[in-house]
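One structure is given below, encoded as structure tokens.
Order of the sequence lines fixes the chain letters, A, B, ..., with proteins taken first and strands second; residue numbering starts at 1 for each chain.
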Amino acid sequence: MEIRVRFAPSPTGGLHIGGVRTALYNYLFAKKMGGKMLLRIEDTDQKRFVPGAEEYIIESLKWVGIQIDEGQGVGGPHAPYRQSERREIYQQYAQQLLDAGHAYYAFDTEDEIEAMRQRLQAAGAANTSYNALTRTQMRNSLTLGADETKRLMDAGTPYVVRAKIPLKEEIRFKDLIRDWQVVHANTLDDKVLMKSDGLPTYHLANIVDDHLMQITHVIRGEEWLPSAPLHVLLYKFFGWQAPQFAHLPLILKPDLLDEKGNVIEVRHGKLSKRDADEMNFPIFPLTWNGTNDNDEDITSVGYREAGYYTDALINFLALLGWNDGSDKEFFTVDELVQSFSLERVHKAGSKFDIRKAKWFNQHYLRAKSDTELAAGVVEALKRQNIACTTEKAEKIVRLMKERVTFPQEIHEQTMFLFAASETYDATAVQTKWNAEAAGLLSNFKDELTTLTDFNAEAAKHTLHVVLEKAGVKIGKVMPALRLALTGAANGPDLMQIMDILGRDETQNRIALALGKLGR
RNA sequence: GGUCCAUUCGUCUAGGGGUUAGGACGCAUCCCUUUCACGGAUGAAACACGGGUUCGAUUCCCGUAUGGACUACCA
């Protein structure tokens, strides 16, 4: 039988990084088994629908390299793949459950249900849910009888369809990650299957679609574990074979850190979209423009825009909750597909640590060719209307490659190569700029004129000659020279910087500094 | 409160009845060096606790604690 998995997000906003990992594990499993990956949009809650979210999800998956074989955006034999367009299908199956006596109509208002809970709570009941016990005291087709039920429905009274959970039944299923799960039906409640707006809840839609779309493996987040018994029961009600389940551990939110990496505040709970505006790391794959809890417009910078490479992000994410049993840290997507297995997915949740993601990014950046990185530099500068030849860009890349984590840092940290810094690092000026250094710089500047060939090697030689003549160690002038050339107290190799700057600009900047900072 | 799930360095994790409990990120120190990075070396750092079972438990079992998820006409 063909392996078929699905990723089924609801379009309620940006796809957060935990969702990306869920999609990734589905993808890796499908690829490994030679199966298919489906994308289904679970938009049965019209209140939470966010325009643009679906497109965002599709684009995000595309960016991280997760190919969808069938489903929303690509089509397929089980279309439509958007649940809001499958309304009639769910109604039909709900009716089937109703007819078989596995579901019933309920007319209770919100207030009536609340009153029941209050009553139960006051009586000291541990369980206040709408279930096999309490439904006997509520307004539903079971207590009202067929005639009254028909009368109410004919009168247009709002109703929901609830699952009729048996009082006594042991529900068991095997989770691929957590092994056997046994739950007694008396701990379940009569979940709403069809809402009063005629749309199904997740539980019904999910089971019906997974069955119809021939899903063999349901790989989803741990938050679904408590409702899995209900799902198993529904499959049984329908007389369908349930798919295999694999409930993934949650990604937990990290503690709040300051710039230095010290813990400001210990945080608990699963990582959620709401953390986006508070944590100082991306939570969405692509930049997302949305609103926060206070309905204010916010922009959350995505991993793509922050300069993360997809292979780095995938590598990092794959290892958050899974490993192959070895010390291996770097995996290509192909290698991940080869070695992935649900059995080796962890049971416990893992705290998200952006520092490791950065480390992966740095590693992948270094693996890029100079040519590729240089092209990025040229393009980025072009957007700022700064001209830069490929040759110069490659020199810059060689200068910066080992020093940065993100590609954009290459040009951001070398802007001094395109325009002399307006300011000089104040503390460095105070401690490193003095008459002696200034004098030596002046000599050096003059000496450069005599060179026939100006390059890093020649500049270095010239500097040494000047220093030897004065009987001074190199440490005396270097900080001052750096100040003059870059305005900063530290940075990449100065000889290479002079090489890129060229003789004229090097001399100009020394002269400029001499004028501004004094001799 | 109830139901369910989990628990190895700060974090991600390997391991598994007998190990100096391994690796990685991060951190610290030293080396390299014109600075800052990079790189190299070294170091600090963990089996939540209590009972069993056993010759022996971090590993198996049971409790406790802690953390987490769920407990909606949200997914």
Cationic tip of R40(A) above F7(A) ring, under 6.0 Å, 45° of axis: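 No.
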K191(A) charged N/C atom sitting above Y202(A) aromatic ring, 6.0 Å / 45°: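 Geometry flag: not set, cation outside 6.0 Å or 45°.
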Expressed as a whole number of Å, how far does the [atom1] atom of [N] sit from that of [M]?
N: C73(B); M: G16(B); atom1: C1'; result: 49 Å
N: U34(B); M: G23(B); atom1: C1'; result: 36 Å
N: G26(B); M: C12(B); atom1: C1'; result: 11 Å
N: G40(B); M: C47(B); atom1: P; result: 30 Å
N: U53(B); M: A69(B); atom1: C1'; result: 32 Å
N: C9(B); M: C4(B); atom1: P; result: 27 Å
N: G18(B); M: U59(B); atom1: C1'; result: 11 Å
N: A44(B); M: G52(B); atom1: C1'; result: 35 Å

Can a side chain N or O of [X] be found less than 4.0 Å away from OP1 or OP2 on [N]?
X: Q181(A); N: C5(B); result: yes
X: H247(A); N: C5(B); result: no
X: R267(A); N: G67(B); result: no
X: R178(A); N: C4(B); result: no
X: N323(A); N: U13(B); result: no
X: T44(A); N: A75(B); result: yes
X: K195(A); N: C74(B); result: yes

Non-hydrogen atoms of S141(A) and Y104(A) that approach each other most closely: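 Looking at all heavy atoms of both residues, the closest pair is OG-CB, 3.3 Å.
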Atom of L167(A), atom of L133(A) and distance for their closest heavy-atom approach: CD1-CD1, 3.7 Å
Would you indicate what [X] reaches in the nucleic acid, counting non-hydrogen atoms under 4.0 angstrom: base, sugar-phosphate, or nothing?
X: P492(A); result: base
X: G221(A); result: nothing
X: R344(A); result: sugar-phosphate
X: N131(A); result: nothing
X: H346(A); result: sugar-phosphate
X: S350(A); result: sugar-phosphate
X: G475(A); result: nothing
X: L494(A); result: base
X: N127(A); result: nothing
X: K401(A); result: nothing

Donor-acceptor side-chain pairing of Y159(A) and N140(A) below 3.5 angstrom: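 No, because no side-chain N or O of Y159(A) sits under 3.5 Å from a partner of the opposite role on N140(A).
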Donor-acceptor side-chain pairing of Q118(A) and E114(A) below 3.5 angstrom: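 Side chains of Q118(A) and E114(A): pair found under 3.5 Å.
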Residue whose closest nucleotide on RNA chain B lies nearer the 5' end, R482(A) versus T187(A):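 Upstream on the strand: T187(A).
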First of P200(A) and H184(A) reached from the 5' end of RNA chain B, by closest nucleotide: H184(A)
Pair D255(A) + K351(A): basic N to acidic O under 4.0 Å: yes
Salt-bridge contact K47(A)-D197(A) (side-chain N to carboxylate O under 4.0 Å):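 A salt bridge is absent here (no side-chain N lies under 4.0 Å from a carboxylate O).
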Separation of [X] atom [atom1] from [N] atom [atom2], in whole Å?
X: F360(A); N: U13(B); atom1: CZ; atom2: P; value: 11 Å
X: R82(A); N: A75(B); atom1: CZ; atom2: P; value: 17 Å
X: H268(A); N: G67(B); atom1: NE2; atom2: C1'; value: 8 Å
X: D111(A); N: C73(B); atom1: CG; atom2: P; value: 13 Å

Within the 6.0 Å centroid threshold, strictly below: F284(A) and Y303(A): no
Measuring from the side chain of [X] (C-beta onward, heavy atoms only), which nucleotide among [options] has the closest atom?
X: T201(A); options: U34(B), A75(B), G68(B); answer: A75(B)
X: N490(A); options: U34(B), G26(B), U35(B); answer: U35(B)
X: E222(A); options: C38(B), U34(B), G68(B); answer: G68(B)

Could you check which nucleotide pairs with [N] in any of the strands shown, counting Watson-Crick or G-U wobble with both distances under 3.5 Å?
N: G16(B); answer: none
N: C32(B); answer: none
N: U3(B); answer: A69(B)
N: A21(B); answer: none
N: C27(B); answer: G43(B)

What nitrogen or oxygen pairs link the protein and nucleotides 20-24 of chain B at under 3.5 Å?
| unit_1 | atom_1 | unit_2 | atom_2 | d |
| --- | --- | --- | --- | --- |
| A24(B) | O4' | E329(A) | OE2 | 2.7 |
| A24(B) | O2' | E329(A) | OE2 | 2.8 |
| A24(B) | O2' | K356(A) | NZ | 3.1 |
| A24(B) | N3 | K356(A) | NZ | 2.9 |

W322(A) and F340(A) aromatic ring geometry - parallel, tilted or perpendicular at 30°/60° bounds: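 Aromatic pair F340(A)/W322(A) classed tilted.
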Aromatic plane relationship, Y364(A) with F360(A) - under 30° parallel, 30 to 60° tilted, over 60° perpendicular: tilted
Can you pull every protein N or O that's under 3.5 Å from an N or O on nucleotides 70-72 of chain B?
| unit_1 | atom_1 | unit_2 | atom_2 | d |
| --- | --- | --- | --- | --- |
| C70(B) | OP1 | K270(A) | NZ | 3.3 |

Residue pair D111(A), T109(A): steps toward the side-chain hydrogen bond (donor to acceptor under 3.5 Å, both in side chains) verdict: CA-CA 5 Å; D111(A) 291 346; T109(A) 63; 5.2 Å; no
Results of salt bridge (charged side-chain N to carboxylate O under 4.0 Å, His left out) for R48(A) - residues two or more places apart only: D45(A)
